[in-house]
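Numbering starts at 1 and runs along the sequence shown.
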Amino acid sequence: MMKSKILEILEKNGSYVSGEEISKELGVSRAAVWKHIKKLRELDYEIESKTNEGYKLIKTPDRQIQFELERMLNTKIIGHKILFLEEIDSTNNKAKQIAFESQDGDVVVSETQHSGRGRRGREWHSPKGGIYISFILKPNISPERAPQITLLSSVALVETLNSMKSKMNAKIKWPNDILISGRKISGILTELSSDMEKINYVVVGIGINLNTDLEDLPEKAASLKVEMDQEISVKLFLKSFFEHYDTVYQEYLNNGIDQIIEKWKKNSDTLGKNVKIIGINETYDGLAKDIDENGALILKTKDKEIKVYSGDVSLR
Ligand code: BTN
């Protein structure tokens, strides 16, 4: 369809594309291009036009993103059902509310959150421009292995980011922050519902500073729009992320965590460094040597080797 072809060109470009370029690429007249742009606007696509510059896609309506994404996705498990919202308290809360009637791989996405939650009871500031995602997963694994789901999630995200631009250099900071040029671009909050033997569900919440303006972010944070120097299409980003996630998740279900740990280590920003870990009651200093199969950090302190299960890392 001509309308979706035009949208594709505008989405890929992220900035102004002239009517002439579009008409050449699609082999139709400029008047025809204009007519389709008008139709798209009637469907609530916000498209700006500027003399001498052309057209720029400002915003795709939410119901269209959900619909197009579900149709475009090339995945086996992730995103068969996507709930796409404009605003919510927290996508993790929503995901937990609907978890029992959901299937493995269903996703909740929101454009803002008014009570976004971070690790260790912190708030996760969730302004417009960012994207807030919760995966509902029902892997058939024992509850002790649940932390591995967080490991695979950071691998999927870091691989998505590094596939966007060759010099992106996205890294994982233990336990599960994603950094670009040393600045945090994303955080992960995994929540588990289980009994002693069996997992009911895992909710993996991921907040990403996608098109966030730097003035809306804490000082040491990064935004993908700023790194890429262009507005990022929410739809195309989610497509790529969900497809990477699907691949890694399937690999995990079929072959276990070993390969994923290797990838985690390859992309780690923490291993091999001298760090200070601020835990809940204690702090530890030492060399970050390795992680174990559940993501616990193996730290070589002055006099012994210890395992640290959670905390915040700072460099020494
Ligand atoms: C952290 O680094 O502290 C983790 C932040 C996790 C934020 C995400 S945004 C989507 C999901 N919903 C929430 O309320 N939190 C997670």
Side-chain angles (χ1 to χ4, degrees), residues 90-92 109-113 115-135 147 149-165 167-191 204-232 234 237-238 240-241 244-245 263-280 283 288 291 295 297 308-316:
S90 148
T91 55
N92 269 28
V109 180
S110 185
E111 293 179 308
T112 53
Q113 302 182 118
S115 309
R117 293 184 287 109
R119 286 196 307 121
R120 310 177 78 189
R122 284 185 286 236
E123 179 204 2
W124 181 259
H125 177 54
S126 310
K128 238 182 148 43
I131 195 82
Y132 310 97
I133 305 165
S134 294
F135 294 100
I149 303 289
T150 313
L151 293 178
L152 78 85
S153 303
S154 19
V155 167
L157 181 54
V158 87
E159 288 186 343
T160 306
L161 294 168
N162 284 331
S163 75
M164 294 174 75
K165 190 169 99 174
K167 292 222 173 73
M168 183 76 90
N169 208 12
K171 295 266 183 199
I172 308 168
K173 175 176 165 184
W174 185 86
N176 42 48
D177 288 350
I178 307 297
L179 310 180
I180 292 181
S181 323
R183 290 147 71 100
K184 180 158 167 173
I185 196 148
S186 170
I188 305 181
L189 175 69
T190 304
E191 298 185 86
V204 185
I206 307 184
I208 306 167
N209 306 331
L210 197 67
N211 289 311
T212 327
D213 292 318
L214 287 184
E215 60 261 30
D216 291 336
L217 287 173
E219 211 178 297
K220 277 193 187 143
S223 150
L224 202 55
K225 173 172 87 171
V226 176
E227 294 303 317
M228 297 283 288
D229 206 17
Q230 70 172 64
E231 189 87 12
I232 313 295
V234 172
F237 176 81
L238 291 179
S240 168
F241 181 34
H244 276 93
Y245 203 105
K263 291 179 185 166
W264 191 101
K265 289 183 188 171
K266 208 184 91 201
N267 288 298
S268 162
D269 183 64
T270 308
L271 297 186
K273 289 186 178 163
N274 282 311
V275 293
K276 181 193 263 321
I277 314 267
I278 300 156
I280 297 170
T283 67
I291 55 166
L297 188 68
V308 188
Y309 295 89
S310 82
D312 291 310
V313 173
S314 65
L315 296 181
R316 283 199 301 159

- request: Give a yes or no on this: more than 12 heavy atoms of other residues, nucleotides or ligands lie within 6.0 Å of atom CD of Glu215.
  value: yes
- prompt: For His244 and Asn162, what are the C-alpha separation, side-chain angles and deciding distance, and is it a side-chain contact (heavy atoms from CB on, under 4.5 Å)?
  reply: CA-CA 11 Å; His244 276 93; Asn162 284 331; over 6 Å; no
- prompt: Any side-chain heavy atom of Ile188 within less than 4.5 Å of one from Val204?
  reply: yes
query: What's the shortest heavy-atom distance between Met168 and Leu224, and which atoms?
result: CE-CD1, 3.6 Å
- prompt: Between Ser126 and Gln113, which heavy-atom pair has the shortest distance, and what is it?
  reply: OG-NE2, 3.0 Å
- prompt: How far apart are the closest heavy atoms of Gly311 and Arg119, and which atoms are they?
  reply: O-NH2, 3.4 Å
field: Side-chain (Lys173) to main-chain (Val313) donor-acceptor, under 3.5 angstrom
entry: yes
- request: Determine whether Lys263 and Val158 make a side-chain contact, defined as any pair of heavy atoms from C-beta on separated by less than 4.5 Å.
  value: no
message: Closer than 3.5 angstrom, by distance alone: can the side chain of Thr270 be matched with the main-chain N or O of Ser268 as a donor-acceptor pair?
response: no
query: Considering residues at least two apart in sequence or located in another chain, which fulfil the salt bridge (Lys or Arg N to Asp or Glu O under 4.0 Å) criterion with Lys276?
result: Asp285
message: Could you measure the distance from the OG atom of Ser153 to the CZ atom of Phe241? Nearest 0.5 Å is fine.
response: 7.0 Å
task: Go through the structure and list residues passing side-chain hydrogen bond (donor to acceptor under 3.5 Å, both in side chains) with Thr190, not counting sequence neighbours.
output: Thr150
statement: The residue among Thr91, Ile206, Ile131, Val234 that forms side chain to side chain contact (heavy atoms under 4.5 Å, CB included) with Val109 is Ile131
message: If I take atom OG from residue Ser223 and atom CG from residue Leu217, how far apart are they, to the nearest 0.5 angstrom?
response: 6.5 Å
- prompt: Which value, rounded to the nearest 0.5 Å, describes the distance between Leu214 atom CG and Glu219 atom CD?
  reply: 11.0 Å
query: Is there a side-chain contact between Ile208 and Ile178 (heavy atoms, below 4.5 Å)?
result: no
query: Between Ser90 and Ser115, what is the shortest heavy-atom contact and its length?
result: CB-O, 3.6 Å
Nearest-0.5 Å distance that lies between atom NZ in Lys266 and atom CD1 in Ile172: 10.0 Å
- prompt: Taking the inter-plane angle between the rings of Tyr245 and Phe135 on a 0 to 90° scale, is it parallel (under 30°), tilted (30 to 60°) or perpendicular (over 60°)?
  reply: parallel
- prompt: Got a second to check how far Leu179's CG is from Lys220's NZ, nearest 0.5 Å?
  reply: 11.0 Å
task: Using modelled atom types only, decide if a donor and an acceptor are shared between the side chain of Ser240 and the backbone of Phe237 within a distance under 3.5 Å.
output: no
- prompt: Would Leu161 and Met164 satisfy side-chain contact (heavy atoms from CB on, under 4.5 Å), going step by step from the backbone distance to the final call?
  reply: CA-CA 5 Å; Leu161 294 168; Met164 294 174 75; 4.2 Å; yes
- line: Minimal heavy-atom distance between Leu210 and Gly129, with the atoms involved, is CB-O, 3.7 Å
query: Lys225: what forms a side-chain hydrogen bond (donor to acceptor under 3.5 Å, both in side chains) with it, not counting sequence neighbours?
result: Asp213
query: Which pairs, with at least one residue in residues 174-183 and sequence neighbours excluded, count as a side chain to side chain donor-acceptor pair (under 3.5 Å)?
result: Asp177-Lys184
field: Over all atoms of both residues, closest heavy-atom pair of Ser186 and Leu157
entry: OG-CD2, 3.2 Å
Full working for salt bridge (Lys or Arg N to Asp or Glu O under 4.0 Å) between Asp312 and Arg122: CA-CA 12 Å; Asp312 291 310; Arg122 284 185 286 236; 3.1 Å; yes
message: Among residues at least two apart in sequence or on other chains, which ones pass side-chain hydrogen bond (donor to acceptor under 3.5 Å, both in side chains) with Lys128?
response: none
message: Measuring only between side-chain heavy atoms, which start at C-beta, is Asp216 closer than 4.5 Å to Asn209?
response: no
Qualifying residues under salt bridge (Lys or Arg N to Asp or Glu O under 4.0 Å), relative to Lys171, sequence neighbours excluded: none
message: Whether the side chain of Asn92 engages the backbone of Leu189 through a donor-acceptor N/O pair (distance < 3.5 Å, no angle test) should be reported.
response: yes
message: Working to the nearest 0.5 angstrom, can you tell me the gap between Thr212 OG1 and His125 NE2?
response: 8.5 Å
